[in-house]
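Here, residue 1 is the first one in the sequence, and each next residue gets the next number. In what follows, every heavy atom counts, from backbone to side chain, and hydrogens, waters and symmetry copies are set aside.
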Amino acid sequence: MNESSQVLARKYRPESFSELIGQETISQTLSLALDSNRLSHAYLFSGLRGSGKTSTARIFAKALICEQGPTSNACGVCEHCLMAKEGRHIDIIEMDAASSRKIDDIRDLIEHTKYKPAAGKYKIFIIDEVHMLTKEAFNALLKTLEEPPPYVKFILATTDPLKLPATILSRTQHFRFKRISNINVVHHLQHILQLENITYEDAALDILARSGSGSLRDTLTLLDQAIIYSKNHVDVQTVTDMLGLVDPQFLETVFTAIFNNDREAVLGYIQELEDYEAEMVVDELIAFLKERLYAQDGRYSILLLERFFRILSDAKSLFSINADGSFVLSMIFFKMLEALKVKEIDQMIESLEIQISSGAPIPVPQPATPVTPQAKPKVEQQTPAQATPEQQKPEPIPEVEKAPEPEPAVQEPVINDAKERALFEQLIKKIEDRSIDLGVCFKEQITFVSYAENILTWESCADEECKKQLKHGYSVIKQFVREIFGFETQIKAQKCSKPTSQTPPQQSPVPETQVQTPQNEVQDQSHVQQQPSQQMAAPENSEPAPQVSSMTEESEVGTGSCVTNCSESDQSTKEFDGQAILDEPMIQKATELFEATKITIQNKV
């Protein structure tokens with residue numbers, strides 16, 4: 001009667017290394033150490049609660065103290081094994097560090113180590129929850145733990161090894177107990193229920209194993225409760241009701257409504273799920289989708305499962321901000337309904353790719369096909385009656401069809417150039433803020449051309465008065481250019497294209513008069529008068545001279561600063577000539593002293 005009332009976790013506690021569940025590596029290592037007599041003086045067992053730490057410590061202690069020991073297979077019939085099994089062996093001392101955690105308790109333990117074992121070969125100290133000891137207690141244990149008497153063995157057990165001092169960890173052999181898999185837990189539950197003659201459902205045991213979270217002791221405790229609640233028949237309905245979980249069959253019904261796009265039914269199911277904890281429902285949904293993945297259900301493709309899981313993982317983050325549970329569940333299921341629409345689009349794309357690869361006609365470009373046959377019959381009917389006059393009419397038709405193709409290409413640079421032109425307008429505003437006259441001159445006479453690869457190109461049609469203002473304020477303009485376009489921006493100026501655009505149409509002396517007649521152009525510029533003559537002199541044999549003059553290094557090498565194309569003999573450039581500064585004795589001495597390889601001269605306004 002007493003044995004039948006014992007809980008399953010104690011009734012089916014493992015008695016040997018072969019009965020340990022899910023810890024094959026540790027049981028094999030300890031068995032080999034016992035058989036080869038390569039034993040350490042201190043062991044540390046760490047891992048999840050209910051993973052077998054204390055049971056392994058007792059099995060190891062019994063193997064050490066057996067009359068045939070140390071051996072991995074204790075006889076279990078000798079006096080020492082029987083006393084160890086019943087927990088009354090005088091040489092096996094178990095201590096709970098959670099309740100005996102002070103330095104005085106450790107001093108009493110150290111005092112016991114001075115005496116030899118009373119009956120067995122070893123005196124074994126099992127300290128459970130060792131991380132609960134105080135700092136002083138750990139310090140008192142260090143010396144004895146490092147160099148105990150040869151007949152003393154320490155076995156420490158803890159669920160949190162990170163709280164142990166490094167000095168304790170370095171003096172022990174550390175064995176890490178891993179989380180027991182659900183498969184091993186289910187097999188162990190099936191074995192116990194068969195011994196207890198209790199009927200069960202495999203799905204119910206899966207739910208219990210998942211709820212135990214890898215702890216065999218917690219799972220056996222839930223199994224005890226399920227046996228009582230289900231009246232010796234462990235099924236899914238009683239287990240889910242007992243644990244407050246959602247029945248997997250109900251979840252199957254919910255997903256069926258989602259696949260059928262039945263929004264009214266989904267709303268009804270959401271109201272039923274409000275009786276459960278929302279975060280627990282999300283966990284159950286994830287577990288359900290995981291089972292569908294392993295079952296290879298045709299409705300749940302990998303892409304769809306990935307989308308559903310993203311929806312559920314995003315929903316879990318909402319619980320951290322105390323979001324309303326029913327609202328989160330509503331968002332989950334309606335997002336899943338929207339995810340199914342994306343699946344239809346994917347199927348359309350796949351079908352279109354198959355149709356293209358097979359060479360079948362594509363329905364999308366069909367509206368364009370009826371246009372061409374209408375043009376062809378007109379040509380065929382007109383050619384026999386009048387051949388020459390009407391054959392010329394269909395010729396502009398392909399030209400009209402080809403005309404719209406280059407139009408987007410012309411519009412693209414305008415769209416891409418909008419940002420740079422806006423920056424150029426910002427440059428004009430900055431110059432106007434600094435000097436109104438300089439800003440008006442720059443705005444009216446300088447035209448933006450392009451900005452690419454850190455090079456700002458503009459076109460200058462400045463007159464003599466404006467040229468003087470631009471030369472004087474070039475350093476300010478360059479500073480603003482670097483602030484707006486970037487410090488590494490270089491400036492290039494192009495010659496004015498207005499006179500050149502009028503000369504090519506006629507190759508006669510008339511363009512000379514036409515160039516000089518407009519009042520808005522400057523008649524005193526020498527380069528404007530030279531261009532028509534050069535173009536008339538060699539229009540065919542020589543290529544036109546480059547009209548882009550680089551001004552990227554003018555201010556640095558000391559050749560002057562210019563916004564327009566200035567002549568070398570211009571006196572205004574001599575004012576900014578920095579070459580004379582290099583002849584100064586101080587500059588030459590500094591060059592020799594610092595071994596300068598490059599000298600940059602900058603003008604300041």
Side-chain angles (χ1 to χ4, degrees), residues 3 6-35 39-100 109 112-113 117-132 145 148 151-159 161 172-178 180 188 192 215-218 220-221:
E3 184 179 356
Q6 195 173 15
V7 296
L8 297 177
R10 295 185 59 187
K11 184 177 180 180
Y12 293 97
R13 183 185 290 271
E15 299 290 341
S16 62
F17 290 111
S18 60
E19 296 179 4
L20 286 174
I21 306 299
Q23 310 296 343
E24 291 78 8
T25 304
I26 296 175
S27 60
Q28 182 179 358
T29 304
L30 295 177
S31 298
L32 293 175
L34 290 168
D35 294 337
L39 301 173
S40 176
H41 58 276
Y43 295 89
L44 174 62
F45 297 159
S46 66
L48 182 70
R49 66 189 187 282
S51 57
K53 300 183 298 297
T54 305
S55 299
T56 304
R58 292 176 179 177
I59 294 171
F60 188 69
K62 185 173 64 173
L64 285 173
I65 213 164
C66 179
E67 292 181 356
Q68 301 178 2
T71 178
S72 59
N73 294 319
C75 64
V77 294
C78 65
E79 184 179 1
H80 295 290
C81 291
L82 293 176
M83 288 190 297
K85 181 180 179 180
E86 297 173 1
R88 55 183 180 85
H89 200 288
I90 192 173
D91 293 328
I92 299 178
I93 303 171
E94 291 193 26
M95 174 182 172
D96 183 16
S99 57
S100 303
L109 185 147
H112 282 84
T113 61
K121 300 178 182 178
Y122 297 97
K123 180 170 283 190
I124 304 167
F125 295 90
I126 301 175
I127 306 177
D128 199 6
E129 301 297 334
V130 68
H131 65 275
M132 300 294 290
L145 189 64
Y151 50 82
V152 173
K153 300 294 180 184
F154 285 100
I155 304 177
L156 313 180
T158 179
T159 56
T172 60
Q173 281 191 11
H174 192 180
F175 289 87
R176 297 170 178 83
F177 285 69
K178 61 184 179 180
I180 304 175
H188 189 60
I192 292 175
S215 173
L216 186 59
R217 183 175 62 243
D218 293 353
L220 291 176
T221 302

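- Enclosure of atom NE2 in His112 is not indicated, since only 12 or fewer non-hydrogen atoms of other residues, nucleotides or ligands lie within 6.0 angstrom.
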Set out, in order, the CA-CA distance, both residues' side-chain angles and the distance that settles side-chain contact (heavy atoms from CB on, under 4.5 Å) for Thr71 and Asp35, then state yes or no. CA-CA 5 Å; Thr71 178; Asp35 294 337; 4.1 Å; yes
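- Of all heavy-atom pairs between Ser16 and Ser18, the closest is OG-OG, 3.0 Å.
- Using a 30° and 60° split on the angle between ring planes, Phe154 and Phe125 fall in the parallel class, below 30°.
- Residues Leu34 and Phe60 meet the side-chain proximity criterion, which asks for heavy atoms closer than 4.5 Å.
- Glu24 places none of its side-chain heavy atoms less than 4.5 Å from the side chain of Gln28.
- Side-chain contact between Glu129 and Asp96: present, with at least one pair of heavy atoms (C-beta onward) separated by less than 4.5 Å.
- At a threshold of 4.5 Å between non-hydrogen side-chain atoms, the residues His89 and Leu82 do not count as touching.
- The shortest heavy-atom contact between Glu67 and His80 is CG-CD2, 3.4 Å.
- For the pair Cys78/Gln68, no side-chain contact is recorded, criterion being any heavy-atom separation below 4.5 Å from C-beta on.
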Under the side-chain contact (heavy atoms from CB on, under 4.5 Å) rule, what do Ile127 and Leu109 come out as? Steps first, then yes or no, please. CA-CA 10 Å; Ile127 306 177; Leu109 185 147; 3.9 Å; yes
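- Note that the CG atom of Asp128 and the CD1 atom of Ile155 stand 11.5 Å from one another [nearest 0.5 Å].
- Side-chain N or O atoms of Ser40 include one that pairs as donor or acceptor with a backbone N or O of Ala42 at under 3.5 Å.
- For the atom pair NZ of Lys53 and OG1 of Thr158, the computed distance is 8.0 Å after rounding to the nearest 0.5 Å.
- Heavy atoms of other residues, nucleotides or ligands lying less than 6.0 angstrom from CD of Glu19 number more than 12.
- To the nearest 0.5 angstrom, His188 atom NE2 is 8.5 Å from Ile180 atom CD1.
- In this structure the side chain of Ile59 never reaches within 4.5 angstrom of the side chain of Leu30, judged on heavy atoms.
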side-chain hydrogen bond (donor to acceptor under 3.5 Å, both in side chains) between Arg13 and Ser55, worked out: CA-CA 7 Å; Arg13 183 185 290 271; Ser55 299; 2.9 Å; yes
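- Pro148 and Leu145 get closest at one heavy-atom pair: CD-O, 3.7 Å.
- Annotation for Lys85: atom NZ does not count as buried by contact number, only 12 or fewer foreign heavy atoms lying within 6.0 Å.
- With values rounded to the nearest 0.5 angstrom, Lys153 atom NZ is found 14.0 Å from Asp91 atom CG.
- Minimum heavy-atom separation, Phe17 to Ser27: O-CB, 3.8 Å.
- The side chain to side chain donor-acceptor pair (under 3.5 Å) check on Arg217 picks up nothing, with sequence neighbours excluded.
- The minimum heavy-atom distance linking Ala9 with Leu220 is given by the pair CA-CD1, 3.8 Å.
- Between Leu48 and Thr159, every side-chain heavy-atom pair lies at or beyond the 4.5 Å cut-off.
- Rounded to the nearest 0.5 angstrom, Thr172 OG1 and Tyr43 OH are separated by 11.0 Å.
- The side-chain heavy atoms of Lys62 and Glu15, taken from C-beta on, include a pair separated by under 4.5 Å.
- Here the shortest heavy-atom pairing between Ala97 and Met132 reads O-CB, 3.6 Å.
- Atom CG of Asp218 is surrounded by more than 12 heavy atoms from other residues, nucleotides or ligands within 6.0 Å.
- Considering CD1 of Ile92 and CD1 of Ile65, their distance stands at 4.5 Å, rounded to 0.5 Å.
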